[in-house]
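Naming: A, B, ... by sequence-line order, numbering from 1 per chain.
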Amino acid sequence: MADYNHRETEQKWRKFWDENQTYRTENHSEKPKYYVLDMFPYPSGAGLHVGHPLGYIASDIVSRYKRLMGFNVLHPMGFDSFGLPAEQYAIQTGQHPAITTEANIATYIEQLKQIGFSYDWSREVRTSDPNYYKWTQWIFMELFRSWYNKDTNRAEPIETLYRKFATNGTTDVNAVCDEDVPQFTAAEWNALSKTESYELSLKYRLTYVANAVVNWCPALGTVLANDEVKDGVSERGGYPVEQKLMRQWMMRITAYADRLLTGLDSIDWTESLKEQQRNWIGKSVGASVKFPIAPPNGGAIEVFTTRVDTIYGVTFMVLAPEHELVPGLTTNEQREAVEAYIQAAKLRSERDRMADVKVVSGVFTGSYCLNPLNNEKVPIFLADYVLAGYGTGAVMAVPSGDQRDYGFAKHFNLPIIPILDAQKDVDNQADNTKEGQYINSGIINGMTYKEATATLITWLEERGLGKGKINFRMRDAVFSRQRYWGEPVPVYFKEGLPYLIDESDLPLELPVVDKYLPTETGEPPLGRAEDWKYKGASDGSRYDYELSTMPGWAGSSFYWYRYMDPQNPNQFASPEAINYWQNVDLYIGGTEHATGHLLYSRFWNKFLFDRGYVPQDEPFKKLINQGMIQGRSNFVYRLHFNIDITDIGNVRPDEVLSYQDLPLIFISKTVKDYVEGRYAPSPEELNYYLENIDSLPERIRHLHPTKSGLATYSYGTPLHVDVNIVENDELDTEAFQRLRPDLTDGAEFIKEPNGRYICGAEVEKMSKSKFNVVNPNVMVEKYGADVLRLYEMFLGPLEQAKPWNTNGIDGTFRFIRKFWRLFYKDNAAGESQWIVTDQQPTPAELKVLHKTIKKAQEDIANFSFNTSVSAFMMCVNELITLDCHKRAILQDLVLLLSPYAPHVCEELWAALGNEPGSVSRASYPVFNPAHLVEASFEYPIQINGKVRTTINFAIDRAANEIEQEVLADETVQKWLEGKTPKKVVVVPKRIVNVVT
RNA sequence: GCCGGGUUGGCGGAACGGUAGACGCGAUGGUCUCAAACACCAUUGUCUGCAAGGACAUGCCGGUUCGAGUCCGGCACCCGGUACCA
């Protein structure tokens with residue numbers, strides 16, 4: 001039998017690659033480097049489904065292609081192996097998360113290897129490996145040992161700050177730091193004790209401890225970063241999240257806000273992803289303005305506004321209920337109301353607040369402040385639409401220009417002052433236009449938006465009442481997690497101050513604990529560890545370690561460097577390795593990491609860049625987001641009867657058949673549609689259905705609505721059925737009975753007239769509970785890894801979300817077999833015979849080949865793998881038509897196809913007489929346009945836009961000559977019907993259009 | 001609301017402004033077979049016609065052009081992200 005045996009062949013080559021370390025990559029080469037990275041997976045217990053490899057296949061194709069193009073390619077894989085699921089499992093079972101993680105990773109590797117990826121497995125990393133997280137901890141320490149100098153616009157070692165303090169105090173320090181830093185002179189600084197100066201420095205370091213309002217998730221027992229909270233619930237598990245003030249490790253990512261923003265312009269990512277990061281960073285350019293508080297109180301309220309030009313329209317001020325000035329501003333008359341409001345606001349969860357955005361609520365404090373421009377008295381309100389965490393927690397309200405302020409003003413009957421002559425209908429709604437000239441606006445009357453803004457900012461700055469200011473939505477990142485399964489923070493506490501442990505004590509390994517739950521006193525799980533104390537301090541004492549661990553994103557924020565030099569015990573990667581590989585040329589992964597991993601990674605990369613550890617400011621030059629593969633669920637329909645008890649008359653309710661009494665009957669899709677009345681069957685089908693329904697068991701039959709009037713058929717209740725026993729929507733009923741005896745005992749299947757049981761289908765998320773998970777290894781076993789790879793690419797554009805549908809895979813399966821038959825053929829005796837010849841290829845054959853080379857190269861450049869696969873299919877079809885079995889053609893075709901289908905290509909490559917296993921070291925075929933050039937071209941001739949005839953012209957004929965001959969042509973003359981053409985358009989090598 | 005992306009046969013999807021629907025699936029008919037599976041061949045956007053052919057077709061309305069799925073203006077719907085962010 002000549003057919004290609006994928007099981008044997010693929011097995012053979014995977015073993016070969018493994019044993020010969022075919023894809024081992026060196027850190028030095030004459031060749032140019034190319035770094036292709038996949039987002040490494042979290043090894044979950046469920047294993048890989050068919051959606052996971054999509055991006056990996058694409059990156060593998062690029063890797064293999066780049067190797068053929070003469071690059072030294074780094075293409076590694078590893079595991080982001082710290083994380084919640086393993087810990088949750090540990091809490092339930094008591095098993096150490098390391099054990100579960102280890103087992104899951106083994107499964108993942110096994111599954112990945114089956115698909116024939118060209119990873120250099122010797123470079124594998126795992127974030128939960130102490131030899132790895134040693135460097136996560138080390139980078140944490142480096143961040144702690146650094147501050148951000150706004151003058152040089154980069155992070156610097158903390159020593160440079162100490163030097164500045166010692167020489168000039170705080171005068172020429174321009175740092176990103178805590179808000180409450182004191183000003184001091186060099187003398188004052190030098191007089192401080194070591195502990196005092198250290199304590200001061202903590203306010204400047206890039207990681208710091210702070211009391212911060214954080215997202216606390218009681219169900220998970222930990223805090224979460226903003227990007228881990230979606231719609232007020234935790235991203236993992238969907239548990240409610242509340243706001244809580246807690247002492248936390250923080251990372252000063254806001255120091256990099258501007259660079260994270262501008263850096264986006266230099267990298268090749270999709271616009272939508274960049275936009276997501278821009279929104280997340282949320283830069284707003286505006287001004288801060290101080291509104292003096294009216295007597296008897298003193299002081300001022302500072303607000304941030306993006307529309308300082310609307311300041312003459314301010315008719316009230318709104319503070320967040322949590323604002324620090326609130327108690328002082330509340331008058332005795334208003335105290336009760338204010339306190340009630342604050343209390344109510346506190347009780348409302350984040351979700352409630354989001355839910356009733358439309359409802360206007362607020363309360364008057366009883367106090368006033370003064371508009372700095374015109375000294376008008378402005379009443380001060382509280383409202384929970386103002387967020388304590390953004391800007392200054394206070395808003396100057398301009399009801400004529402802001403819809404929210406407008407609603408508030410209407411509700412509390414506050415004045416509304418129009419401020420621009422272009423504002424329309426201000427009596428009924430706010431108009432936020434910047435057009436026109438200012439009115440009612442004191443010093444800016446008659447000006448335009450631009451002039452007004454500049455004038456006001458200058459005016460305010462001169463009087464110390466305000467200044468231009470840029471605000472970011474992004475907050476500093478919370479870096480503590482009250483969990484066990486994460487990197488321990490390499491810090492101990494001495495007299496309440498955090499100190500780094502000695503670098504030589506890294507890695508600080510996770511301690512053994514008896515349980516993975518918080519302690520009885522509410523401390524994180526590490527509080528359960530015996531003797532969790534630092535003994536390396538210089539004074540010989542034992543100090544308490546930090547009890548929280550690092551967040552999930554810590555380990556993934558530099559891993560692409562560790563791949564460059566994964567075993568290095570002295571550095572996270574050697575400077576030589578980093579200088580050789582630089583940064584990632586192509587990064588492929590899901591878009592769900594837009595505001596998490598991808599932002600944090602850029603942050604850490606920029607930090608490492610500032611400190612001179614890496615040569616590139618951005619980690620990922622080009623990023624492609626593969627679309628999610630959804631599941632396609634299949635359903636069987638259980639026929640189901642509605643029995644309306646009120647219609648039963650004198651039958652006692654206990655005589656009514658219970659649902660359980662009814663026989664199990666599964667109806668096929670079109671039968672269901674018929675029963676539902678959605679489908680009009682043909683006369684033959686109708687007969688079939690009636691016959692079937694009439695042959696139902698006696699007890700059912702008498703419930704038939706047309707016969708008893710008691711019961712009605714309802715549509716079949718859809719039940720998920722395992723998609724693995726369904727093929728082309730046809731259910732393998734025997735397998736179903738075998739797999740689900742509980743459901744199918746004594747069941748009857750009413751099938752289609754053609755004897756098939758057809759399932760319904762729907763697109764849903766791929767998940768175990770929906771029985772729609774397709775395991776890639778089942779596909780590999782049945783069709784082969786090459787077919788799986790080709791099919792996943794063929795499914796549609798890489799970046800698009802699409803449902804997995806096994807139905808079409810036969811097409812690629814057939815393609816591989818056709819491809820094989822270009823090389824082998826059965827002889828009369830049924831033996832497989834090699835039929836490749838050494839004949840010279842014909843121009844037609846060369847044309848087919850070079851057309852395909854061109855297309856394949858263009859497609860890889862555009863990441864348009866689906867159309868490539870189409871091109872290969874067409875190529876093979878055409879070669880079959882030409883009956884071409886020539887080495888000169890097939891050898892190149894094998895190379896073209898090898899990035900997609902490496903196993904079969906390796907086999908054929910060897911069969912063609914090349915060194916076994918050397919396909920990846922060959923050179924990509926060179927496209928020669930000469931083979932595509934035609935001697936003549938058949939021009940379609942359009943008369944008034946309609947193709948009426950065709951004429952052949954030599955390829956190099958001039959347009960005006962063609963024009964003449966076309967007009968002289970008999971058929972054209974006929975179609976022109978004697979009219980004189982006004983215009984003749986000749987598109988070279990395309991078309992001629994004659995217009996009358 | 002704002003931002004990003006999309007809308008083409010029964011389905012997944014192709015088309016440098018140049019003969020729309022490549023390639024694949026499915027479907028129908030046929031060959032092979034005792035039969036099935038596999039394989040192979042043919043047909044397959046809709047309507048109309050015996051046929052040659054003709055008419056209509058890329059969400060909707062309009063524009064630019066000899067020519068528009070593609071470019072421009074407006075609208076509808078779908079998907080994703082984000083939001084009392086001042």
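When every heavy atom of A:Pro797 is checked against every heavy atom of A:Lys802, the shortest pair comes out as O-NZ, 2.9 Å.
Spacing between B:rC16 and B:rG67 at atom C1', rounded to whole Å, works out to 16 Å. Taking atom P in both B:rG69 and B:rA20, the straight-line distance is 8 Å, to the nearest Å. Here, B:rG59 and B:rG9 have their C1' atoms 15 Å apart, quoted to the whole Å. Taking atom C1' on both nucleotides, B:rU64 is separated from B:rG74 by 15 Å, rounded to a whole Å. When the P atom is compared between B:rU8 and B:rC56, the two are found 22 Å apart, to the nearest whole Å. Nucleotides B:rG30 and B:rA35 place their P atoms 14 Å apart, quoted to the nearest Å. Spacing of P atoms, B:rG21 relative to B:rU44, comes out at 12 Å, to the nearest Å. Taking the P atom of each, B:rU46 and B:rA57 are spaced 16 Å apart, rounded to whole Å.
For the salt bridge (Lys or Arg N to Asp or Glu O under 4.0 Å) test, no residue two or more places apart in sequence or in another chain qualifies with A:Glu302. Residues meeting the salt bridge (Lys or Arg N to Asp or Glu O under 4.0 Å) test with A:Asp402, sequence neighbours left out: A:Arg404. By the side chain to side chain contact (heavy atoms under 4.5 Å, CB included) test, A:Thr315 is found to be paired with A:Pro399, A:Pro415, A:Ile417, residues two or more places apart in sequence or in another chain being considered. Scanning for side chain to side chain contact (heavy atoms under 4.5 Å, CB included) contacts around A:Glu592 gives an empty result, with sequence neighbours left out. Applying the salt bridge (Lys or Arg N to Asp or Glu O under 4.0 Å) criterion to A:Lys274, with sequence neighbours excluded, gives no partner residue. Residues passing the side chain to side chain contact (heavy atoms under 4.5 Å, CB included) test with A:Thr270, sequence neighbours excluded: A:Ser272, A:Leu273, A:Asn625, A:Glu799.
Side-chain N/O atoms of A:Ser361 and A:Tyr385 include no donor and acceptor closer than 3.5 Å. Donor-acceptor pairing under 3.5 Å is lacking for the side chains of A:Thr867 and A:Ser870. In this model, no donor atom of one side chain and acceptor atom of the other lie less than 3.5 Å apart for A:Thr433 and A:Asp431.
Across all strands, A:Glu271 comes closer than 4.0 Å to no nucleic acid atom at all (heavy-atom distances).
Note: CG (A:Asn952) to P (B:rU19) measures 17 Å, nearest angstrom. Atom CE of A:Met793 and atom C1' of B:rA14 are 17 Å apart (whole Å). Atom CE in A:Met396 sits roughly 15 Å away from atom P in B:rC85 (whole-Å rounding). When the P atom of B:rA86 is taken as reference, atom NE2 of A:His323 falls 17 Å away, rounded to whole Å. Computed from coordinates, the A:Asp859 CG to B:rA15 C1' distance equals 12 Å when rounded to whole Å. For the pair A:Lys802 NZ and B:rG5 P, the interatomic distance rounds to 18 Å; values are reported in whole Å. As rounded to whole Å, 19 Å separates atom P of B:rC84 from atom CG of A:Leu382. Note: CZ (A:Arg404) to P (B:rA86) measures 8 Å, nearest angstrom.
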For nucleotides 65-67 of chain B, print each protein N/O atom paired with a nucleotide N/O atom at under 3.5 Å, atom names and distance only.
unit_1: B:rC66; atom_1: OP1; unit_2: A:Lys983; atom_2: NZ; d: 2.1
unit_1: B:rC66; atom_1: O2'; unit_2: A:Asn993; atom_2: ND2; d: 3.1
unit_1: B:rC66; atom_1: O2; unit_2: A:Asn993; atom_2: ND2; d: 2.4

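Note: A:Thr812 OG1 to A:Tyr900 OH = 13.5 Å, rounded to the nearest 0.5 Å.
Using a 4.0 Å cut-off, some side-chain N or O of A:Gln800 falls inside it from OP1 or OP2 of B:rG13. Taking 4.0 angstrom as the limit, A:Arg817 places a side-chain polar atom (N or O) nearer than this to OP1 or OP2 of B:rA39.
Nearer the 5' end of RNA chain B, as judged by each residue's closest nucleotide, is the contact made by A:Phe813, out of A:Val395 and A:Phe813. Nearest-nucleotide assignment on RNA chain B puts the 5′-proximal partner with A:Pro797, out of A:Pro940 and A:Pro797.
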| task | Take A:Tyr791 and A:Trp804, measure what ring pair (Phe, Tyr, Trp, His ring centres under 6.0 Å) needs, and give me the verdict at the end. | result | CA-CA 10 Å; A:Tyr791 185 58; A:Trp804 175 264; 5.4 Å; yes

| query | When you look at A:Tyr390 and A:Ser284, which way does the side chain to side chain donor-acceptor pair (under 3.5 Å) test go after all the steps? | reply | CA-CA 11 Å; A:Tyr390 184 75; A:Ser284 355; 2.8 Å; yes

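In RNA chain B, consecutive stretches of 3 or more Watson-Crick or G-U wobble pairs with both distances under 3.5 Å are given as paired ranges: B:1-7 with B:76-82, B:10-12 with B:23-25, B:26-31 with B:39-44, B:45-48 with B:53-56, B:59-63 with B:71-75.
In B:rG9 the O4'-C1'-N dihedral to the base is within 90° of 0, which defines a syn nucleotide.
Within the structure, every pair that satisfies the salt bridge (charged side-chain N to carboxylate O under 4.0 Å, His left out) test and touches residues 860-880 of chain A, not counting sequence neighbours, is listed here: A:Lys851-A:Glu878.
Among the nucleotides B:rA14, B:rU82, B:rC84, the one closest to any side-chain atom of A:Arg473 is B:rU82. When the nucleotides B:rC84, B:rA86, B:rA14 are ranked by their closest atom to the side chain of A:Tyr385, B:rC84 comes out on top.
Aromatic ring centres of A:Phe408 and A:Phe381: separated by under 6.0 Å.
Ion pairing between A:Arg817 and A:Asp810 fails under the 4.0 Å rule for side-chain N and carboxylate O.
Within residues 277-286 of chain A, the residues that place at least one heavy atom under 4.0 Å from RNA chain B are, in residue-number order, A:Ser284. Contacts between residues 624-635 of chain A and RNA chain B, counted as heavy-atom distances below 4.0 Å, involve no residue at all.
Relative orientation of the A:Tyr4 and A:Trp820 rings is tilted, given thresholds of 30° and 60° on the angle between their planes. Under the 30°/60° scheme for interplanar angles, the aromatic rings of A:Phe953 and A:Tyr939 are found to stand perpendicular.
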| field | Summary of protein contacts for nucleotides 22-30 of chain B, nucleotide by nucleotide, where a base hit scores B, a sugar-phosphate-only hit scores S (4.0 Å, heavy atoms) | value | BBSSSS---

